[in-house]
Amino acid sequence: MKLSTRRKKALPVILAAAMALPMTASAGFLENWYFDWDADGDLTDVNAVQMSEYIDLIGNSYIENTLSGGSGTFTDVGTFIATAGDGTPFTTTQKSVGGVVHELTALFTGGAGTVTLGGGINFTAGDLELWIGTPEDYGSSAGTADNIYYGANNGTKIGDLSLTSGYGLVDISGVPNGLITLIFEATFLKDDYFFDENGNDLKDLIDPTDPILFGFVTTNASLVDNPTKNHKLEIIGELGGNPDGLDESYTNDAPNKLFVSNNGQYRWSVVPEPASVLLLSMGLLGMGWRKAKRRTA
């Protein structure tokens, strides 16, 4: 999928699970794009990995609900790691930068919104940070109390996204049920990491005066009954602010506090005109598109 000069500005970021959108919306996905692990701008070397459509991700989240009569508010934090492109695991060679294997990770903080048990989750706040480059693999810094949460925010920050809205479902015990979709506005991408198939740096599409670059993050979430020691210390304790995690006495107390695992995918997608925005919105089946449509030049 090639981008014309006229429409280049209208490329939004889509971080979404493959199952979240029907085939009719797939025409909007950016195809054959690159992630350049060593950020040298050379898309012909082994570090520049071309994705047919998406990157796979996995992670963990800690959720606290404040409820009255089966409804109330929640907070949500978590960490993620990119494991593969189009279902094919990234190789050690691809991820080696300066002779050291690196990881592409993400940190989700400040997640908040409203929840109804046996009903919906509506996100109203949250921030997603993208990171790469660390002498420690994801999770290896856990338990060090060094503000490097499970290794997810270690190295170089390569992206910032701010949540605009989000949606999901929970069962009567407060456990997420099915897909959770978060919609972000991308505010920063570092040079030379993300490229379209023609070698255009996607960071050039961010315009703070007319924000039209968005991210869709969709994952499947499931309850983890027995978080590990490092999960308790780093994600529940330090990142989530629960002292029970710091002394390892934490146990799930559904629906008030939950530790969950997540898996999904993220994509880039082209939504260059109002008709395509409408198509994508219909494809999400009401999963939270709330941002007003903007005219493109």
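Linking ILVMFWY residues whenever their side-chain heavy atoms come closer than 4.5 Å, directly or via other members, leaves W131 and I206 in distinct clusters. V46 and V49 are assigned to two separate hydrophobic clusters, defined by single-linkage of ILVMFWY side chains at heavy-atom distances under 4.5 Å. F80 and F90 end up in the same hydrophobic cluster when Ile, Leu, Val, Met, Phe, Trp and Tyr side chains are linked at under 4.5 Å. Note on L43 and V97: separate hydrophobic clusters, where clusters join Ile, Leu, Val, Met, Phe, Trp and Tyr whose side-chain heavy atoms are under 4.5 Å apart, directly or indirectly. Cluster annotation: V224 is connected to V77 through the hydrophobic network of ILVMFWY side chains, with a link wherever side-chain heavy atoms come within less than 4.5 Å.
Side-chain atoms of N47 never come within 3.5 Å of backbone atoms of K95 as a donor-acceptor pair (strictly under, hydrogens ignored). Side-chain atoms of D160 do not come within 3.5 Å of backbone N or O of T187 as any donor-acceptor pair. Distance alone, capped at 3.5 Å, places no donor-acceptor pair between the D201 side chain and the D204 backbone. No donor-acceptor pair closer than 3.5 Å links the side chain of T116 to the backbone N or O of G119. In this structure, the side chain of S96 does not engage the main chain of G99 through any donor-acceptor pair within 3.5 Å. No side-chain donor-acceptor contact under 3.5 Å links D196 to the backbone of E31. Using modelled atom types, no side-chain atom of E234 and backbone atom of H231 make a donor-acceptor pair closer than 3.5 Å. A donor-acceptor pair is defined here as one N or O able to donate and one able to accept, closer than 3.5 Å; no such pair exists between the side chain of Q265 and the backbone of I55. At distances below 3.5 Å, at least one donor-acceptor pair connects side-chain atoms of D40 with backbone N or O atoms of D42.
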Kindly determine whether D171 and S173 satisfy side chain to side chain donor-acceptor pair (under 3.5 Å), including the steps that lead there.
CA-CA 5 Å; D171 63 24; S173 66; 2.7 Å; yes
Take T75 and Y62 through the side-chain contact (heavy atoms from CB on, under 4.5 Å) test and state the conclusion after the steps.
CA-CA 8 Å; T75 60; Y62 173 61; over 6 Å; no
Verdict with supporting geometry, W37 and I132, side-chain contact (heavy atoms from CB on, under 4.5 Å)
CA-CA 8 Å; W37 286 89; I132 189 177; 3.5 Å; yes
Mind running side-chain contact (heavy atoms from CB on, under 4.5 Å) on L239 and T109 for me, showing each step along the way?
CA-CA 8 Å; L239 184 59; T109 59; 3.9 Å; yes
T114/F74 under side-chain contact (heavy atoms from CB on, under 4.5 Å): CA gap, chis, key distance, verdict:
CA-CA 6 Å; T114 60; F74 71 89; 5.5 Å; no
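Residue E238 holds its CD atom at 10.0 Å from CD1 of I148, rounded to the nearest 0.5 Å. Taken to the nearest 0.5 Å, the OG atom of S162 stands 14.5 Å off from the CZ atom of F188. With values rounded to the nearest 0.5 angstrom, S52 atom OG is found 5.5 Å from N32 atom CG. Separation of atoms CD1 (I172) and CG (L117) is listed at 5.5 Å; rounding is to 0.5 Å. Within the model, atoms CG of N252 and CZ of F259 stand 8.5 Å from one another, a figure rounded to the nearest 0.5 Å. Taking CD1 of I121 as the start and CG of L182 as the end, the distance is 9.0 Å to the nearest 0.5 Å.
In plain terms, the two heavy atoms of G120 and L169 that are nearest each other are CA-CD2, 4.1 Å. In terms of heavy atoms, A152 sits closest to A106 at CB-O, 3.6 Å. What you find for I236 and G245 is that their closest heavy atoms are CG2-CA, 4.1 Å. Scanning both residues, V260 and A221, for their nearest heavy atoms gives CG2-CB, 4.4 Å. Minimum heavy-atom separation, N230 to G139: ND2-O, 4.4 Å. Of all non-hydrogen atoms in E103 and T134, the two that sit nearest each other are N-CG2, 4.4 Å.
Ring geometry, F194 versus W33: the interplanar angle falls from 30° to 60°, so the pair is classed tilted. Between Y150 and Y138, the ring planes are perpendicular. Angles over 60° get that label, and only those under 30° would be called parallel.
Contact of the F123 side chain with the D76 side chain is registered, since non-hydrogen atoms from C-beta on lie closer than 4.5 Å. K257 places a side-chain heavy atom less than 4.5 Å from the side chain of D244. Using a 4.5 Å cut-off on side-chain heavy atoms (C-beta onward), L202 and F195 make no contact. Within the 4.5 Å cutoff, side-chain heavy atoms of I81 are placed close to those of T105. Counting only heavy atoms from C-beta outward, the side chains of L258 and D253 never approach each other to under 4.5 Å. Within the 4.5 Å cutoff, the side chain of N263 has no heavy atoms near those of the D56 side chain. For the pair N242 and E64, the minimum side-chain heavy-atom distance is below 4.5 Å. Taking 4.5 Å as the limit, every side-chain heavy atom of N262 sits out of range of all side-chain heavy atoms of N220.
Under the 4.0 Å criterion applied to side-chain N and carboxylate O atoms, K232 and D247 are not assigned as salt-bridge partners.
Checking D86 against T88 by side-chain atom types alone, no donor-acceptor pair falls below 3.5 Å.
Of the candidates N122, L67, T73, V115 forms a side chain to side chain contact (heavy atoms under 4.5 Å, CB included) with just one, namely L67.
When ring centroids are compared, Y34 and Y193 stay outside the 6.0 Å threshold.
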